[in-house]
K.L.:
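Structure below; questions to follow.
For the numbers below, each heavy atom of this structure counts, side chains included, while hydrogens, waters and symmetry mates do not. Residues take their numbers from the sequence shown, with the count starting at 1.
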Amino acid sequence: MINIFLAALETAEERRKFTEIYEEYHFQLENTAMKILAEQKDAEDAVQNAFIQIIRHFEKISVIPCEELPFWLISIVKNEALMILRKRKKLVPLEEWENIAYTTSEAIEYAELVELFTKLPDTYRTVLEMKYLFAYSDKEISIRLGISETAVSTRASRGRALLRNLAEKKGLYP
């Protein structure tokens with residue numbers, strides 16, 4: 001798995017530094033994820049997602065003091081583990097699908113809403129999906145997208161306004 005991560009880095013120095021971090025902290029990050037998730041598969045997913053986030057923000061590694069690096073890494077894996085927990089709570093087991101009743105009008109409204117979402121520009125749609133479909137906080141969205149929390153809030157506000165306008169034009173919103 002480490003080879004996949006290394007392929008995402010540009011220089012030999014970055015790959016060397018990442019390998020050191022991976023080897024030194026992987027076990028600790030997995031233990032942290034296990035304490036939150038209690039399932040090995042989910043913990044491994046959280047750690048892999050954390051390493052992806054670390055690679056996305058690898059330029060920050062050089063400015064983080066050595067003594068703060070473990071805390072930074074652990075906070076990333078905790079966030080990833082909590083996101084997995086949230087997603088797990090939203091999943092409905094296959095056996096319970098028939099118990100979910102949608103009326104025809106609810107299904108039509110849902111389909112129309114999905115269609116409206118697809119008409120939004122990517123910058124707004126991505127933030128709204130993360131915020132309302134995946135229940136990410138503004139902070140989590142800002143970390144995932146690499147933008148400020150203020151930008152997340154602004155994009156969510158503008159996206160909602162655009163969505164409202166599209167719904168009004170379609171006759172779905174008064």
Side-chain angles (χ1 to χ4, degrees), residues 1-97 100 117 120-160:
M1 179 48 104
I2 191 169
N3 292 332
I4 294 170
F5 294 134
L6 293 175
L9 296 167
E10 294 177 13
T11 67
E13 177 59 27
E14 287 178 337
R15 289 189 284 276
R16 184 196 60 74
K17 180 69 174 169
F18 181 84
T19 302
E20 287 176 10
I21 291 169
Y22 186 91
E23 290 173 353
E24 184 171 347
Y25 296 104
H26 183 271
F27 185 72
Q28 184 179 0
L29 296 179
E30 197 166 306
N31 282 340
T32 300
M34 275 298 289
K35 289 176 185 173
I36 296 169
L37 297 166
E39 290 187 30
Q40 184 67 33
K41 180 183 87 51
D42 287 341
E44 289 170 2
D45 287 347
V47 172
Q48 287 178 7
N49 292 344
F51 278 115
I52 290 169
Q53 291 300 322
I54 291 164
I55 288 172
R56 286 185 69 207
H57 302 286
F58 204 70
E59 72 282 353
K60 293 180 181 179
I61 297 269
S62 60
V63 297
I64 297 174
C66 291
E67 65 274 0
E68 292 180 19
L69 183 62
F71 301 107
W72 185 70
L73 297 172
I74 287 171
S75 70
I76 292 172
V77 82
K78 280 182 179 179
N79 286 337
E80 293 297 330
L82 292 172
M83 284 187 235
I84 289 171
L85 268 183
R86 272 199 234 48
K87 288 177 189 175
R88 190 190 299 165
K89 288 179 185 176
K90 290 182 179 188
L91 295 178
V92 176
L94 188 59
E95 301 81 37
E96 296 176 23
W97 278 19
I100 300 174
F117 256 82
L120 289 174
D122 287 343
T123 53
Y124 302 132
R125 187 181 70 243
T126 301
V127 168
L128 290 177
E129 286 173 346
M130 293 175 85
K131 188 173 188 77
Y132 297 112
L133 296 178
F134 299 117
Y136 291 165
S137 69
D138 285 0
K139 183 174 185 174
E140 291 168 330
I141 296 169
S142 73
I143 291 169
R144 286 205 171 258
L145 297 179
I147 59 176
S148 69
E149 287 184 58
T150 304
V152 169
S153 178
T154 301
R155 288 181 186 185
S157 177
R158 290 179 182 166
R160 282 191 305 270

K.L.:
Once you round to the nearest 0.5 Å, how far does CD1 of I141 lie from NZ of K131?
P.N.:
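The CD1 atom of I141 sits 5.5 Å away from the NZ atom of K131.
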K.L.:
Between OH of Y124 and OG of S157, what distance do you get to the nearest 0.5 Å?
P.N.:
9.5 Å
K.L.:
Heavy atoms, side chains only, cut-off 4.5 Å: are R155 and I147 in contact?
P.N.:
yes
K.L.:
Measure the CG-CG distance between D42 and L85 for me, rounded to the nearest 0.5 Å.
P.N.:
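Those atoms lie 8.0 Å apart.
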K.L.:
In plain terms, say whether E13 and K17 are close enough for a salt bridge, that is, a side-chain N and a carboxylate O under 4.0 Å apart.
P.N.:
no
K.L.:
Quick one: does F51's side chain get under 4.5 Å of L29's, heavy atoms only?
P.N.:
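Yes, at least one pair of side-chain atoms sits under 4.5 Å.
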K.L.:
Are F58 and E14 packed together at the side-chain level, in the sense that at least one heavy-atom pair is separated by less than 4.5 angstrom?
P.N.:
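They are in side-chain contact.
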K.L.:
Could you tell me whether the side chain of H57 and the main chain of G146 form a donor-acceptor pair under 3.5 Å?
P.N.:
no
K.L.:
Without swapping roles, check the side chain of E140 against the backbone of S137 for a donor-acceptor pair under 3.5 Å.
P.N.:
yes
K.L.:
Give me each pair satisfying side chain to side chain donor-acceptor pair (under 3.5 Å) with a member in residues 67-83, each pair once, sequence neighbours excluded.
P.N.:
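Side chain to side chain donor-acceptor pair (under 3.5 Å) check on residues 67-83 returns E80-R144.
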K.L.:
Which atom names give the shortest non-hydrogen contact between L120 and R125, and what distance separates them?
P.N.:
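So the two residues come closest at O-NH1, 3.4 Å.
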K.L.:
Is there side-chain contact between I54 and I61, with at least one heavy-atom pair below 4.5 Å?
P.N.:
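I54 vs I61: side chains touch.
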K.L.:
Nearest 0.5 angstrom please: D45 CG to E39 CD, how far?
P.N.:
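One finds 10.5 Å between CG of D45 and CD of E39.
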K.L.:
Looking at A46 and L37, what are the two nearest heavy atoms and their distance?
P.N.:
CB-CD1, 3.9 Å
K.L.:
Looking at every heavy atom in both S142 and S148, which two are closest together, and how far apart are they?
P.N.:
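Looking at all heavy atoms of both residues, the shortest contact is CB-C, 3.8 Å.
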K.L.:
Could you give the distance from CZ (F27) to OG1 (T32), rounded to the nearest 0.5 Å?
P.N.:
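The distance works out to 10.0 Å.
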K.L.:
Is the closest side-chain heavy-atom distance between M34 and E44 below 4.5 Å?
P.N.:
no
K.L.:
For residues Y25 and L69, determine if any side-chain heavy atom of one lies less than 4.5 Å from a side-chain heavy atom of the other.
P.N.:
yes
K.L.:
Picking from D138, L145, D122, what satisfies side chain to side chain contact (heavy atoms under 4.5 Å, CB included) with V127?
P.N.:
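Considering D138, L145, D122, a side chain to side chain contact (heavy atoms under 4.5 Å, CB included) with V127 is found only for L145.
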K.L.:
What is the distance from atom CD1 of I36 to atom CD1 of I84, rounded to the nearest 0.5 Å?
P.N.:
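So the CD1 of I36 and the CD1 of I84 are separated by 9.5 Å.
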K.L.:
Between S153 (side chain) and E149 (backbone), is there a donor-acceptor pair under 3.5 Å?
P.N.:
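Not a single qualifying donor-acceptor pair exists.
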